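Some notes on the structure that comes next.
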Amino acid sequence: KVAQEMRRVCRPGGRIVILNHFKSQNPILSRFDTAISPLTVHIGFKTDLDLNACLTQAEVAARGAQVMPFDLEQTTHLFQPLDNGGLQTVRAKDLSNREQIALIQTHLQEEAEKFRQGDFSDPAKIHGQGMPGLAALRAGAGHIEVQYATLPDGAQIRYTTADPALIMAIHHWFMVQ
């Protein structure tokens, strides 16, 4: 979206130049990058931007777009840990976008049914098989209540369990999403 806006306001024949600085891999320079970053944000950039984290985030977004049928740019995702499990909510940013809302509702309803069966393959496709909490959730799926609910602007899945180890697994699973 930012690039689209830059293109829109750039005069015809104008050039857009983007400069960036990533945190150094050198331990001494890395500490320096971190130390001056609070100052450089005031002039429009960060010196401690982690290249590997940015690349990982881009890869996760690309895999997510292959698994989820709705537009990730047009939706918000909230993973809220609760004392007895967690609440996953996906909402369309535009309440009038009935197509995105329908896609969210259908997808989350299908995912809830898979999760009840211990099938967490879609999150694994996005975040990898070693995703925190995933093995415990698969093994303990029979002890987790999975409730799907529609919302006016999307849908949610509530995960409830009395097992402390599974609550912790849900929380770990939520932290990486």
Side-chain angles (χ1 to χ4, degrees), residues 1-9 41 46 49-177:
K1 288 186 176 186
V2 172
Q4 289 173 337
E5 180 64 8
M6 290 178 356
R7 240 180 280 129
R8 186 186 73 77
V9 300
V41 295
K46 292 180 65 165
L49 193 59
D50 184 343
L51 177 61
N52 291 331
C54 289
L55 294 175
T56 299
Q57 186 175 3
E59 290 168 3
V60 166
R63 289 191 300 264
Q66 293 174 345
V67 171
M68 294 177 271
F70 43 82
D71 187 331
L72 298 176
E73 293 293 321
Q74 296 183 39
T75 56
T76 57
H77 304 242
L78 178 64
F79 294 86
Q80 180 181 4
L82 302 173
D83 291 341
N84 62 351
L87 182 64
Q88 173 185 358
T89 307
V90 180
R91 298 177 185 267
K93 292 178 181 175
D94 179 359
L95 189 57
S96 68
N97 192 336
R98 304 308 309 163
E99 178 186 3
Q100 288 301 310
I101 294 169
L103 289 169
I104 292 166
Q105 292 171 344
T106 300
H107 178 70
L108 261 64
Q109 189 171 28
E110 291 169 356
E111 289 300 296
E113 185 54 40
K114 288 180 181 180
F115 296 160
R116 283 186 200 102
Q117 307 301 319
D119 179 355
F120 291 85
S121 59
D122 284 345
K125 287 175 191 170
I126 298 169
H127 299 280
Q129 293 296 330
M131 183 180 191
L134 203 58
L137 294 175
R138 285 180 174 142
H143 302 285
I144 303 170
E145 183 180 354
V146 179
Q147 296 175 303
Y148 166 83
T150 60
L151 300 171
D153 56 352
Q156 65 184 21
I157 303 174
R158 180 180 295 272
Y159 306 87
T160 308
T161 183
D163 184 328
L166 289 173
I167 293 169
M168 185 72 72
I170 291 168
H171 291 181
H172 287 151
W173 182 54
F174 274 18
M175 283 192 296
V176 295
Q177 299 198 58

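Every value quoted in this text rests on a predicted model; they were computed, and no experiment measured them. Just so you know, residue 1 is the first one in the sequence shown, and it goes up from there.
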Notebook entry, point to check: Below 4.5 Å, heavy atoms only, C-beta onward: do Pro152 and Arg91 meet side chain to side chain?
Noted result: no
Next item on the list: Fit a plane to each ring of Phe115 and Tyr159, take the angle between them on a 0 to 90° scale, and name the class: parallel (under 30°), tilted (30 to 60°) or perpendicular (over 60°).
Entry: tilted
Checklist line | From Thr161 atom OG1 to His143 atom NE2, the distance as rounded to the nearest 0.5 Å | finding: 8.0 Å
Note to self: A side-chain contact here means heavy atoms from C-beta on lying under 4.5 Å apart; do Arg158 and Leu82 qualify?
What the structure shows: yes
Next item on the list: Would you name the heavy atoms of Gln100 and Asp71 that are closest together and state the gap between them?
Entry: OE1-N, 2.8 Å
Check: After noting the C-alpha distance and the side-chain angles of Gln109 and Gln105, does the key distance pass the side chain to side chain donor-acceptor pair (under 3.5 Å) rule?
Finding: CA-CA 6 Å; Gln109 189 171 28; Gln105 292 171 344; over 6 Å; no
Item checked: Steps toward ring-ring contact (aromatic ring centres under 6.0 Å, His included) verdict (His77, Phe70) -> CA-CA 12 Å; His77 304 242; Phe70 43 82; 5.6 Å; yes
Notebook entry, point to check: What is the minimum heavy-atom distance between Pro81 and Phe174, and which atoms define it?
Noted result: N-CD2, 3.9 Å
Check: If you round to the nearest 0.5 Å, how far is CG of Asp163 from CD1 of Ile170?
Finding: 9.0 Å
Checklist line | Reported CD-to-NZ distance for the pair Glu111 and Lys114, which is rounded to 0.5 angstrom | finding: 4.5 Å
Check: How long is the span from the CG atom in Asp122 to the CE atom in Met68, to the nearest 0.5 Å?
Finding: 9.0 Å
Check: Taking side chain as C-beta onward, heavy atoms only, is Met175 less than 4.5 Å from Pro132?
Finding: no
Check: Any side-chain heavy atom of Leu103 within less than 4.5 Å of one from Ile101?
Finding: no
Next item on the list: State, with a plain yes or no, whether a side-chain heavy atom of Thr89 is found less than 4.5 Å away from one of Ile157.
Entry: no
Checklist line | Minimum-distance pair of heavy atoms, taken over all atoms of Ala136 and Leu166 | finding: O-CD2, 3.4 Å
Note to self: Hydrogens and angles aside, do Ser121 and Asp119 bring a side-chain donor and acceptor to less than 3.5 Å of each other?
What the structure shows: yes
Next item on the list: Indicate whether any N or O donor in one side chain lies under 3.5 Å from an N or O acceptor in the other, for Gln74 and Asp94.
Entry: no
Next item on the list: Compare every heavy atom of Gln147 with every heavy atom of Arg116, then report the nearest pair and how far apart it is.
Entry: NH2-CA, 4.3 Å
Checklist line | Beyond-backbone contact of Ile144 with Thr160, side-chain heavy atoms, under 4.5 angstrom | finding: no
Next item on the list: State, to 0.1 Å, how close Thr76 and Lys93 come at their nearest heavy-atom pair, and which atoms those are.
Entry: CG2-CE, 3.6 Å
Check: Which heavy atom of Phe120 sits nearest a heavy atom of Leu137, and at what distance?
Finding: CE1-O, 3.7 Å
Notebook entry, point to check: How many angstroms lie between atom OG1 of Thr75 and atom NE2 of His107, to the nearest 0.5 angstrom?
Noted result: 10.0 Å
